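The block underneath contains the structure these notes are about, expressed in structure tokens.
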Amino acid sequence: MKFSAKLLLCTILPAVLFIIALAVGIGGLVYTKGQFSHYIQTEQRIHTGLTEMYAQGLQMGQALRNIVLDPANPQAYKNLDAARQAYEKAYKETDGTARGTVFAAGLGKLPPLRAAHAEAQDKVLALVKEQAADTVKQLNSSETPAWRNLRAELLK
């Protein structure tokens, strides 16, 4: 092999290897960007939605306890309604985001748990109007366990 051929090979070979490495690096960056974008647009939004539902569940519990403590307080009823609406809004948004992902099955478990939770809350609200003494007992025996079941599924 001639010296000029060896010199040309020593010049071209590193350049080709550099171009290949550059292409692999750019491909990796594009792939990482796509994965990160997917994470932000789905998984992070689902996490935010679940956190919002959890927070609204806590708000509902606090509002219900405020109603039990002072049934004449109209603000407690408004707070309960606002928390219920915010929970439903967060669930709808999160459910829309989760469609077609592995999280859809887990979110599908929430509506029956929330329905049981709402039913327990309604029983407590009915008792507030009728019998204040039995209300605390009902709150502790039905609403609190229903919230715990819903909370456990949200935290999964």
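As the structure is a prediction and not an experimental result, all values here were calculated from the model. All values below come from the heavy atoms of this structure, side chains included, with hydrogens, waters and symmetry mates left out.
If you check the side chains of Gln75 and Asn79, you find a donor sitting under 3.5 Å from an acceptor. For the 3.5 Å distance criterion, the side chains of Gln62 and Asn66 qualify, holding a donor opposite an acceptor.
Under the salt bridge (charged side-chain N to carboxylate O under 4.0 Å, His left out) criterion, the residue pairs touching residues 54-74 are Arg65-Glu143, with sequence neighbours excluded.
Contact annotation: the side chain of Leu80 approaches that of Leu125 to within less than 4.5 Å [non-hydrogen atoms, C-beta and beyond]. Here the side chains of Arg84 and Gln121 are in contact, with some heavy-atom distance below 4.5 Å.
Taken together through direct or relayed side-chain contacts under 4.5 Å among Ile, Leu, Val, Met, Phe, Trp and Tyr, Phe36 and Leu29 form parts of separate hydrophobic clusters. Both Leu50 and Leu155 are assigned to one and the same hydrophobic cluster, defined by single-linkage of ILVMFWY side chains at heavy-atom distances under 4.5 Å. A continuous path of Ile, Leu, Val, Met, Phe, Trp and Tyr side chains, each step under 4.5 Å between heavy atoms, connects Leu113 with Leu58, placing both in one hydrophobic cluster.
In this structure, OG1 in Thr51 is found 11.5 Å from CD1 in Ile46, a value given to the nearest 0.5 Å. Atom NE2 of His38 is separated from atom CD of Glu43 by 5.0 Å, given to the nearest 0.5 angstrom. Taking CD1 of Ile67 as the reference point, atom CG of Asn73 lies at 8.0 Å (rounded to 0.5 Å). Rounded to the nearest 0.5 Å, atoms CZ (Arg99) and OG1 (Thr42) are 14.5 Å apart. Taking OG1 of Thr48 as the start and CE of Met53 as the end, the distance is 10.5 Å to the nearest 0.5 Å. Note that the CD atom of Gln59 and the OH atom of Tyr87 stand 14.5 Å from one another [nearest 0.5 Å].
Here Glu88 pairs with Arg114 under the side-chain contact (heavy atoms from CB on, under 4.5 Å) rule; sequence neighbours left out. Residues meeting the side-chain contact (heavy atoms from CB on, under 4.5 Å) test with Val16, sequence neighbours left out: Ile12, Ile20. Under the side-chain hydrogen bond (donor to acceptor under 3.5 Å, both in side chains) criterion, Ser142 pairs with Gln138, not counting sequence neighbours. When the side-chain contact (heavy atoms from CB on, under 4.5 Å) test is applied to Arg45, the partners found at least two apart in sequence or on another chain are Thr97. Under the side-chain contact (heavy atoms from CB on, under 4.5 Å) criterion, Leu17 pairs with Leu13, sequence neighbours left out.
Here the shortest heavy-atom pairing between Gln44 and Ile40 reads CB-O, 3.6 Å. Between Leu7 and Thr11, the closest heavy-atom pair is O-OG1, 2.9 Å. Taking every heavy atom of both residues into account, Pro112 and Gly108 meet most closely at CD-O, 3.8 Å. The two residues Ala63 and Ala76 come nearest to each other via the heavy atoms CB-O, 3.7 Å. Trp147 and Tyr54 make their closest contact through CH2-O, 3.6 Å (heavy atoms, listed as atom of the first residue, atom of the second, distance). Heavy-atom minimum distance, Gly49 versus Ala90: O-CB, 4.2 Å.
Of the possible polar contacts, none joining the Thr94 side chain to the Tyr91 backbone as a donor-acceptor pair under 3.5 Å is found. A donor-acceptor contact shorter than 3.5 Å links the side chain of Tyr77 to the backbone of Pro71.
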